[in-house]
Amino acid sequence: MMISRLFAAAVAALLLITPAAATDAEFAKLARSSGTPDIAGLKIVWLAPWGDVARAHAWRNIIVHQTEGPAGSARGGATEQAKNPTRRGVTVWVETDGTVYWAVAENLVPTHGDGANRNDNKYIDNSSTYRRVVRDNSIGVEFAGNYPDVAAGPTEAQVAAWKILVKVLRARYDIPRDHVYAHNWIDYKDSRYCEGCWLATLARIWGE
């Protein structure tokens, strides 16, 4: 009788685990697909579709940026970025309403970051980031809308989109959660606010 109960409990546990595992496998497959996939919970405007992930640039980090542009500026920034991919900017832009603009082909490297010049350990231990977390190995995500108050945080819609987007980026490029960085964590930036800090912190808290 005891063995039967244990067997039943094991089967029940498997039934609970299997759907989650299947969902994770399906998500990973979707995150590593090509083209312009529909990703549940995200509205993505594909200015540059995904290619073969095996041919993507070797992204090893994610850098979170915030632009001092008004609401609605992500579209303009992403459009200009798409026209000139290696200009100063990023690969992915996020509007205040949560709309994601994928602006640059993932094998190209936009100009962003300042060479990981921060080494004062103010926010994180910079011994592993100093001159190492740079544009050539880091995919950038820009959140629009902190104008005229640069200290204004992201909108609820941006946070909701980020929760899914960062999971997609990490799954697609096999990026560990502790390789998600705020711009202020690795570069000396505007002292009035901490650029990207809340969003990067959330990404690390959410984890897997």
Side-chain angles (χ1 to χ4, degrees), residues 31-32 48 53-69 74 77-78 80-81 84-94 100-147 149-154 158-159 161-208:
R32 296 183 65 81
V53 69
R55 301 191 177 200
H57 193 73
W59 305 117
R60 294 292 174 262
N61 311 290
I62 300 169
I63 300 178
V64 186
H65 300 268
Q66 289 175 271
T67 178
E68 293 175 29
E80 290 303 309
Q81 194 77 54
N84 184 7
T86 59
R87 74 193 284 268
R88 187 157 183 93
V90 296
T91 300
V92 186
W93 298 68
V94 184
V100 174
Y101 293 86
W102 197 286
V104 178
E106 55 194 340
N107 63 322
L108 300 177
V109 182
T111 301
H112 71 112
D114 296 296
N117 59 21
R118 177 160 231 135
N119 61 352
D120 62 352
N121 302 320
K122 181 175 181 179
Y123 298 104
I124 60 172
D125 180 358
N126 293 124
S127 62
S128 63
T129 68
Y130 183 62
R131 302 303 190 195
R132 296 181 189 176
V133 180
V134 294
R135 68 184 185 190
D136 292 320
N137 58 27
S138 307
I139 190 166
V141 183
E142 186 86 68
F143 288 79
N146 62 339
Y147 174 85
D149 179 9
V150 296
Q158 285 177 320
V159 171
W162 176 231
K163 189 170 188 177
I164 302 169
L165 177 60
V166 72
K167 185 177 179 181
V168 170
L169 293 173
R170 290 187 54 227
R172 184 165 181 81
Y173 305 116
D174 194 23
I175 298 174
R177 67 177 178 176
D178 61 352
H179 281 224
V180 181
Y181 299 98
H183 198 185
N184 257 77
W185 291 357
I186 61 166
D187 285 321
Y188 289 103
K189 298 299 298 177
D190 194 324
S191 61
R192 294 173 297 170
Y193 72 111
C194 189
E195 182 185 336
C197 294
W198 175 234
L199 291 160
T201 299
L202 285 176
R204 292 190 176 202
I205 290 172
W206 290 328
E208 304 303 326

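The first residue of the sequence shown is numbered 1, and numbering continues consecutively from there.
Scanning all heavy atoms of the two residues, the minimum distance from Y181 to D178 falls at OH-O, 3.5 Å.
A salt bridge does not link E106 with R55: every distance from a Lys NZ or Arg NE/NH1/NH2 to an Asp or Glu carboxylate oxygen is 4.0 Å or more. A salt bridge is defined here as a Lys NZ or Arg NE, NH1 or NH2 lying under 4.0 Å from an Asp or Glu carboxylate O, and K122 with D120 fails to meet this definition.
Note that the SG atom of C197 and the OH atom of Y123 stand 5.5 Å from one another [nearest 0.5 Å]. Annotation: the span from D125 atom CG to Y130 atom OH amounts to 14.0 Å, rounded to 0.5 Å. The OG atom of S127 sits 10.5 Å away from atom CG of N119, with the distance rounded to the nearest 0.5 Å.
Of the possible donor and acceptor atoms, none in the side chain of Q66 sits under 3.5 Å from a partner among the backbone N and O of N146. When atom types are taken as modelled, the side chain of R118 and the backbone of N184 share a donor-acceptor pair closer than 3.5 angstrom. In terms of modelled atom types and a separation under 3.5 Å, the side chain of R135 and the main chain of T111 share no donor-acceptor contact. No donor-acceptor distance shorter than 3.5 angstrom exists from the side chain of W93 to the backbone of A103, with no hydrogens or angles considered. In terms of modelled atom types and a separation under 3.5 Å, the side chain of Q158 and the main chain of V94 share a donor-acceptor contact. Here the side chain of N137 pairs a donor or acceptor atom with the backbone of V134 at under 3.5 angstrom. Remark: side-chain polar atoms of R172 are paired, donor with acceptor, to backbone N or O of A31 under 3.5 angstrom. Between the side chain of D187 and the main chain of K189, no donor-acceptor pair closer than 3.5 Å is present. Proximity of a side-chain donor or acceptor of W198 to a complementary backbone N or O of A200 within less than 3.5 Å is not detected.
When the options I62, V166, N61 are evaluated for a side chain to side chain contact (heavy atoms under 4.5 Å, CB included) with I175, the one that passes is I62. Tested against H112 for a side-chain hydrogen bond (donor to acceptor under 3.5 Å, both in side chains), the candidates R87, H65, R88 yield a single pass: H65.
Atom OH of Y188 has more than 12 heavy atoms from other residues, nucleotides or ligands within 6.0 Å.
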**Request:** Check step by step if side-chain contact (heavy atoms from CB on, under 4.5 Å) holds for T129 and I124.
**Result:** CA-CA 9 Å; T129 68; I124 60 172; 4.0 Å; yes
**Message:** Test side-chain contact (heavy atoms from CB on, under 4.5 Å) on Y193 and E68; report intermediate values, then the result.
**Reply:** CA-CA 11 Å; Y193 72 111; E68 293 175 29; 3.7 Å; yes
**Asked** Does the side-chain contact (heavy atoms from CB on, under 4.5 Å) test come out yes or no for L165 and V92, once each step is laid out?
**Response** CA-CA 10 Å; L165 177 60; V92 186; 4.0 Å; yes
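With a 6.0 Å cutoff to the six-membered ring centre and a 45° limit on the axis angle, R32 does not count as a cation-pi contact of Y173.
A heavy-atom distance below 4.5 Å is not found between the side chains of K163 and L202. Residues V90 and P110 are not in side-chain contact: their nearest non-hydrogen atoms beyond the backbone lie 4.5 Å or more apart.
Under 3.5 Å, the side chains of H57 and N107 contain no donor-acceptor pair of N or O atoms.
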